[in-house]
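Beneath this line is the structure, given in structure tokens, with notes to follow.
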Amino acid sequence: MSEHTGPAGQPLRGFALILLLGSLTALGPLTIDTYLPGFPEMAVDLEATESQVQLTLTTMLLGLGLGQLVNGPLSDTIGRRIPIVIGLCGHILASVLIALAPTLELVVALRLLQGFFGSALAVVAMAVVRDLFDGLGVVRTLSQLSLVMGLAPILAPSLGGVLLAVTTWQGVFVFLAVAAVLLLVVALLRFPETLPPERRLPAGLGSTLGAYRRVLSDRHFVVMVVVAVANSICLFSYVSGSSFIFQEGYGLNPQQFALVFGLNGLLLIAGTQLTPVLVRRFGAPVVLGGALALGLLAAITMWVLSVLGTGLLGAIIPLGIIIGSLGFCMPTTTTLALEHHARTAGTATAVLGAGRFAVAGAAAPVVGLLSDGTAGPLGLVVVVANLAALLLLLRLYRGRRRPA
């Protein structure tokens with residue numbers, strides 16, 4: 001990887017740049033997960049139901065998805081630094097307003113705004129990786145980035161449990177605002193511009209629409225977007241429903257729930273770190289298909305054990321396999337989606353992210369609506385999502401083996 005110099009003149013290279021990108025991107029998972037242990041408290045404080053509280057997560061995910069459709073093409077036109085700075089400033093403002101909001105309706109609306117600004121961090125980080133790397137280098141770098149990002153969902157619920165012991169759920173959002181301020185300082189001092197002017201797309205609606213037309217006309221890319229959506233439906237259904245499933249359904253306290261959540265996060269990270277080794281040996285499509293099949297089998301097992309009433313272990317063990325399999329899916333899906341879109345990496349990443357967050361965010365409350373106090377509904381959602389993704393992937397690559 002070549003050396004890149006930030007505005008303050010400090011050269012950024014190797015893991016230092018990966019750490020910076022990971023720290024910026026980790027704000028999204030941190031914002032999603034830190035307040036999860038406070039869901040029951042929010043429901044009481046705001047006089048809301050389980051599904052209504054989950055809307056605060058859904059609207060943020062919608063904001064993360066739809067915002068990428070704006071911030072992705074914008075970063076292809078004006079560069080990577082400016083969207084990062086604007087995104088962090090907007091995230092700070094939204095966090096403070098959420099902490100002061102008196103009603104659930106206002107919190108829901110502000111979470112949409114928070115997700116919109118936060119989307120710039122996610123889309124630009126992925127575009128920077130595509131700016132600097134190709135092929136297996138993308139897989140390896142995304143795996144390193146996932147290691148840094150993965151610490152956020154592991155630590156976030158535990159951190160939320162600690163914060164809730166000394167403050168309210170509003171205090172969690174004050175903490176998120178402070179974290180964003182620190183990241184803004186880091187971004188201003190150290191974030192490099194990786195898209196030089198000569199590689200940028202011309203400004204204007206026609207150029208933006210043309211970039212979208214190029215990526216959406218690629219059938220291979222569209223299939224990977226659908227697979228990514230299926231992965232995110234599994235992940236965010238787990239994220240949105242796990243607090244109620246384990247705390248209210250299986251009787252865990254916030255600290256015990258945070259431990260389970262953290263262990264699953266470790267399995268997710270383990271999957272991302274093993275991915276480059278497996279991709280080098282078997283290829284990304286085989287690794288992705290195998291991970292989808294493994295997650296499907298684990299989800300079927302979890303649903304059956306839930307029907308049989310086997311209790312906590314019957315949920316935790318297959319769920320850990322599901323989350324671990326997602327660790328293999330995410331880097332490979334992103335790599336396969338972006339492999340033919342170097343110049344329009346921001347736009348392609350935006351479409352990929354919009355599908356991941358917006359569609360998955362809309363599907364996340366399904367677990368709450370189907371809730372029966374067990375992990376069964378979550379298992380059923382994962383079965384449907386993984387089966388659809390696996391069938392679509394098999395059809396794509398089976399078609400490629402046929403003679404022209």
Side-chain angles (χ1 to χ4, degrees), residues 20-43 45-46 53-65 67-68 71 83-104 106-125 148-188 191 236 239-240 242-243 254 257-258 261-262 265 357 361 364:
L20 177 59
L21 292 174
S23 299
L24 289 168
T25 312
L27 187 61
L30 198 68
T31 306
I32 292 171
D33 296 334
T34 305
Y35 84 129
L36 291 181
F39 267 19
E41 179 188 337
M42 287 184 67
D45 192 20
L46 299 175
V53 171
Q54 286 176 328
L55 284 176
T56 64
L57 176 61
T58 298
T59 52
M60 186 195 170
L61 295 176
L62 289 172
L64 280 169
Q68 292 193 44
N71 290 312
I84 283 286
V85 173
I86 294 174
L88 284 169
C89 290
H91 188 282
I92 293 166
L93 177 63
S95 298
V96 172
L97 292 177
I98 290 171
L100 300 174
T103 65
L104 177 69
L106 188 54
V107 172
V108 167
L110 289 170
R111 286 285 280 177
L112 180 67
L113 186 66
Q114 190 178 43
F116 179 87
F117 284 110
S119 67
L121 313 181
V123 71
V124 171
V148 180
M149 292 167 52
L151 292 175
I154 289 176
L155 297 177
S158 299
L159 179 60
V162 172
L163 290 172
L164 288 170
V166 297
T167 185
T168 63
W169 62 267
Q170 290 95 335
V172 173
F173 286 96
V174 173
F175 165 80
L176 292 172
V178 173
V181 169
L182 295 177
L183 286 174
L184 177 61
V185 173
V186 174
L188 289 171
F191 191 81
F236 290 120
V239 169
S240 68
S242 59
S243 178
F257 162 69
F261 202 90
F357 290 108

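In this view, Thr168 and Gln170 satisfy the side chain to side chain donor-acceptor pair (under 3.5 Å) rule, not counting sequence neighbours. Remark: Ile92 pairs with Ala180, Val181, Leu184 by the side chain to side chain contact (heavy atoms under 4.5 Å, CB included) rule, at least two apart or across chains. Take Leu121 and apply the side chain to side chain contact (heavy atoms under 4.5 Å, CB included) test, not counting sequence neighbours, and it matches Leu27, Ile84, Leu88. Scored by the side chain to side chain contact (heavy atoms under 4.5 Å, CB included) test, Leu97 finds Leu93, Leu110 as partners (sequence neighbours excluded). In this structure Phe117 satisfies the ring-ring contact (aromatic ring centres under 6.0 Å, His included) test with no other residue, sequence neighbours excluded. Taking the side chain to side chain contact (heavy atoms under 4.5 Å, CB included) definition, one finds that Ala109 meets it with nothing, sequence neighbours left out. Scanning for side chain to side chain donor-acceptor pair (under 3.5 Å) contacts around Gln68 gives an empty result, with sequence neighbours left out. With sequence neighbours left out, the ring-ring contact (aromatic ring centres under 6.0 Å, His included) criterion links Phe116 to no other residue.
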Worked check of side-chain contact (heavy atoms from CB on, under 4.5 Å) between Val174 and Val96: CA-CA 6 Å; Val174 173; Val96 172; over 6 Å; no
Worked check of side-chain contact (heavy atoms from CB on, under 4.5 Å) between Arg111 and Thr31: CA-CA 10 Å; Arg111 286 285 280 177; Thr31 306; 3.3 Å; yes
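Ala179 approaches Leu30 most closely through the heavy-atom pair CB-CD2, 4.5 Å. For the pair Ala120 and Pro83, the tightest heavy-atom approach, listed with the atom from each and the gap, is CB-O, 3.3 Å. Residues Trp169 and Ile98 share a closest heavy-atom pair of CZ3-O, 4.2 Å. When all heavy atoms are compared, the tightest approach of Ser119 to Leu64 is CB-O, 3.2 Å. Here the shortest heavy-atom pairing between Leu176 and Ser95 reads CB-OG, 4.2 Å. Of all heavy-atom pairs between Pro102 and Leu46, the closest is O-CD2, 4.0 Å.
Panel note: side chain Asp45, backbone Glu41; no donor-acceptor pair is recorded below 3.5 Å. In this structure, the side chain of Thr59 engages the main chain of Val108 through a donor-acceptor pair within 3.5 Å.
When side chains are defined from C-beta on, Tyr35 does not count as touching Leu163, because their heavy atoms never get closer than 4.5 Å. Between Val124 and Asn71, every side-chain heavy-atom pair lies at or beyond the 4.5 Å cut-off.
Atom CG in Leu21 sits 6.5 Å away from atom CG in Leu24 (nearest 0.5 Å). A distance of 9.0 Å separates CZ in Phe39 from CZ in Phe257, rounded to the nearest 0.5 Å. Atom-to-atom distance recorded for Leu100:CG and Phe173:CZ is 12.0 Å, nearest 0.5 angstrom.
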